[in-house]
Amino acid sequence: MRPRTRPTDTRPPSPSATPTAPRRAPRTTAPASRGSAPLVPAQRPRRPAPHPLPTDLFADLLLAVLSGHRPVHSMLRHTRGRAYDELAWLAERGPLRTRGARPVVRDIGYFEPRPGAIEAFARIGAGDRLRAMAFRLELGQDLRWRCTAVELGGPRPPRAECD
């Protein structure tokens, strides 16, 4: 006996005894006998899909590092100057690590003090707790955004005397 891979078709035969034809799409033009203009649905111009803002991308990257879901060194190519040291100092303390709900970015705001620079803030929520994170992005000569500063509420990393 041969094993079946599908259940047996138990439907009654159709009146024509042939499989049903696929449904046709509704007509978009009027019949030629009417003499009216074709009924074509209004078309909207196609817009390219919007690229996410660099603030959105960096808020997610920084959150992943500060919550312990990504290693700090994953931000090496995305930071410049002191920002990597600040981020490593903050991540070492695990300010956004939680036992319950995973932290998420709830809101992002930004200000452009000059072309090629963005100062942003993000509201981070984990359960019923809300935290704030601020960061600065600068556009490099290679047209890539890099984080140049990051801060959370609480203690700040010690700065060298020459800063």
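No hydrogens, no waters, no symmetry mates; every other heavy atom, side chains included, goes into these values.
Taking 4.5 Å as the limit, every side-chain heavy atom of Glu151 sits out of range of all side-chain heavy atoms of Leu90. Side-chain contact between His73 and Tyr84 is present, with at least one heavy-atom pair separated by less than 4.5 Å. Side chains of Phe58 and Ile118 form no contact here, defined as non-hydrogen atoms less than 4.5 Å apart.
Within 6.0 Å of atom CZ in Arg129, 12 or fewer heavy atoms from other residues, nucleotides or ligands are found, so the atom counts as exposed in its surroundings. Other residues, nucleotides and ligands contribute over 12 non-hydrogen atoms within 6.0 Å of the CZ atom of Arg114. Open room surrounds OH on Tyr110; 12 or fewer heavy atoms of other groups in view lie less than 6.0 Å from it.
Scanning for salt bridge (charged side-chain N to carboxylate O under 4.0 Å, His left out) contacts around Arg102 gives an empty result, with sequence neighbours left out. Residues that satisfy the salt bridge (charged side-chain N to carboxylate O under 4.0 Å, His left out) test with Arg136, not counting sequence neighbours, are Glu119, Glu138.
Hydrophobic cluster membership is shared by Ile108 and Leu139, with clusters built from Ile, Leu, Val, Met, Phe, Trp and Tyr side chains linked at under 4.5 angstrom. Put simply, Val72 and Trp89 are part of the same group of oily side chains (I, L, V, M, F, W, Y) that touch within less than 4.5 Å, one to the next. Under a hydrophobic clustering in which Ile, Leu, Val, Met, Phe, Trp and Tyr are joined whenever their side-chain heavy atoms come within less than 4.5 Å, directly or via other members, Leu66 and Leu61 fall into the same cluster. Under a hydrophobic-cluster definition in which Ile, Leu, Val, Met, Phe, Trp and Tyr are linked whenever side-chain heavy atoms come within less than 4.5 Å, directly or via other members, Val104 and Ile124 are assigned to different clusters. Cluster annotation: Val150 is connected to Leu76 through the hydrophobic network of ILVMFWY side chains, with a link wherever side-chain heavy atoms come within less than 4.5 Å.
Side-chain atoms of Arg131 do not come within 3.5 Å of backbone N or O of Pro103 as any donor-acceptor pair.
One finds the CD atom of Glu86 at 10.5 Å from the CG atom of Leu152 (value rounded to the nearest 0.5 Å). Put simply, OG1 on Thr55 and CH2 on Trp145 are 9.0 Å apart, with the number rounded to the nearest 0.5 Å. Expressed to the nearest 0.5 Å, how far CG of Leu62 lies from CG of Leu57 amounts to 11.0 Å.
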